[in-house]
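These notes concern the structure reproduced below.
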Amino acid sequence: DIQMTQSPSSLSASVGDRVTITCRASQGINNYLAWYQQKPGKVPKLLIYAASTLQSGVPSRFSGSGSGTDFTLTISSLQPEDVAAYYCQKYNSAPWTFGQGTKVEIK
Amino acid sequence: DVQLVESGGGLVQPGGPLRLSCAASGFAFGSYWMSWVRQAPGKGLEWVANMKEDGTEKHFVDSVKGRFTISRDNAKNSLYLQMNSLRDEDTAVYYCARVTYYFDSYSSSGVWGAVDFWGQGTLVTVSS
């Protein structure tokens with residue numbers, strides 16, 4: 001099975017900072033990758049699918065890029081409400097594995 | 001509005017069975033792939049299973065193969081997860097989730113992938 005590895009596992013940044021989270025697949029998955037945000041105590045929320053397509057209603061400070069094995073989620077200007085765990089997920093074929101998650105905090 | 005409401009969670013002894021249900025509303029349930037995703041306490045998300053809209057195709061994570069079964073009743077707008085031979089490591093919140101469909105310009109075809117709606121989850125605790 002294809003493994004999904006996210007880095008870093010956690011980060012602390014200041015409001016207004018540019019934040020980048022990476023997700024690496026152990027084999028190529030084309031662009032079949034999604035990103036989710038899960039705020040503490042809440043249900044996960046879809047941010048991006050097809051590696052770079054922003055889900056309706058998601059703020060434009062979120063963006064995704066990549067194809068093949070290497071993917072990136074970028075928050076262009078970190079806001080206090082962005083404190084959350086972020087997960088990537090592949091869906092090119094079963095199993096639809098998630099990355100282990102990245103916790104984002106405000107410094 | 002899309003709603004997914006899980007039920008059936010609770011405390012069960014190791015080795016026991018449990019059946020989760022998910023009642024869907026606000027969308028054409030019979031036209032969507034559906035998934036189950038779980039999250040152990042304090043841990044990350046784990047995809048468990050999914051099922052094609054007509055029930056003819058299903059997939060499971062290796063750790064539950066042979067123990068869990070996914071099914072659906074499109075007439076009742078309901079998704080189910082039958083869990084047998086439960087283990088301590090199955091303790092988690094189980095989410096019912098709708099899979100989104102979109103046109104992928106990369107492959108010039110329709111793609112089922114990513115979860116666009118989640119239920120609130122139901123807690124399954126496996127413990128003696």
Side-chain angles (χ1 to χ4, degrees), chain A residues 1-7 9-10 21 23 25 28-58 64-68 71 73 84-103, chain B residues 1-6 22 33-52 57-65 68 70 92-123:
Chain A
D1 292 346
I2 297 174
Q3 305 303 313
M4 305 300 293
T5 303
Q6 283 183 238
S7 61
S9 56
S10 65
I21 299 169
C23 178
I29 59 170
N30 294 325
N31 68 337
Y32 300 127
L33 185 103
W35 288 98
Y36 302 89
Q37 175 194 64
Q38 186 178 30
K39 295 183 179 181
K42 301 296 185 182
V43 172
K45 173 186 174 183
L46 177 63
L47 297 177
I48 287 166
Y49 62 94
S52 60
T53 302
L54 203 64
Q55 174 71 346
S56 176
V58 173
S65 64
S67 183
F71 302 88
L73 172 69
Y86 293 84
Y87 298 90
C88 62
Q89 182 195 27
K90 72 163 202 64
Y91 52 86
N92 63 309
S93 62
W96 288 9
T97 308
F98 287 91
Q100 79 276 20
T102 297
K103 286 191 175 180
Chain B
D1 288 359
V2 172
Q3 285 198 26
L4 298 169
V5 179
E6 303 92 340
C22 170
W33 278 72
M34 296 293 295
S35 284
W36 288 99
V37 177
R38 68 184 178 183
Q39 187 168 34
K43 303 297 184 182
L45 301 172
E46 181 181 33
W47 173 83
V48 174
N50 62 12
M51 174 172 263
K52 192 176 179 180
E57 188 175 338
K58 58 188 79 171
H59 302 280
F60 299 90
V61 67
D62 281 351
S63 60
V64 309
K65 283 180 181 175
F68 289 14
I70 187 172
V93 172
Y94 285 73
Y95 296 102
C96 171
R98 190 183 85 166
V99 178
T100 192
Y101 181 82
Y102 65 94
F103 181 80
D104 179 40
S105 57
Y106 184 93
S107 60
S108 298
S109 64
V111 173
W112 285 101
V115 169
D116 61 352
F117 283 96
W118 302 69
Q120 290 300 308
T122 187
L123 176 63

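Letters A, B, ... mirror the listed sequences (proteins, then strands); counts begin at 1. Worth knowing before you read on, the calculation uses all heavy atoms, side chains too, and leaves out hydrogens, waters and symmetry mates.
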Where is the tightest heavy-atom contact between [X] and [Y], given as atom of each residue plus distance?
X       : Y      : result
Y87(A)  : K43(B) : OH-O, 3.9 Å
K42(A)  : Y95(B) : O-OH, 4.3 Å
W96(A)  : W47(B) : O-CB, 3.2 Å
G113(B) : Y91(A) : CA-CD1, 3.3 Å

For chain B, find which of [options] contributes the most heavy-atom pairs closer than 4.5 angstrom.
options                        : value
S56(A), A34(A), A51(A), A50(A) : A50(A)
P95(A), G101(A), G99(A)        : P95(A)
I48(A), T97(A), V43(A), T53(A) : V43(A)

Give, as side chain, backbone, both or neither, the part of [X] having an atom under 4.5 angstrom from any heavy atom of chain A.
X       : value
V37(B)  : side chain
D104(B) : side chain
V111(B) : side chain
Y102(B) : side chain
Q120(B) : both
S35(B)  : side chain

Mind checking the OG-CG spacing from S107(B) to N92(A)? Nearest 0.5 Å is all I need.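 Result: 11.5 Å between the selected atoms.
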State the CG-CD distance between L45(B) and Q89(A), to the nearest 0.5 angstrom.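 Output value for this atom pair is 8.5 Å.
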Please flag which part of [X] lies under 4.5 Å from any non-hydrogen atom of chain B: side chain, backbone, both or neither.
X      : answer
K90(A) : neither
A85(A) : neither
D1(A)  : side chain
S67(A) : side chain

Between W118(B) and Y36(A), is the ring centroid distance below 6.0 Å?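 Yes, the ring of W118(B) comes within the 6.0 Å limit of the ring of Y36(A), centre to centre.
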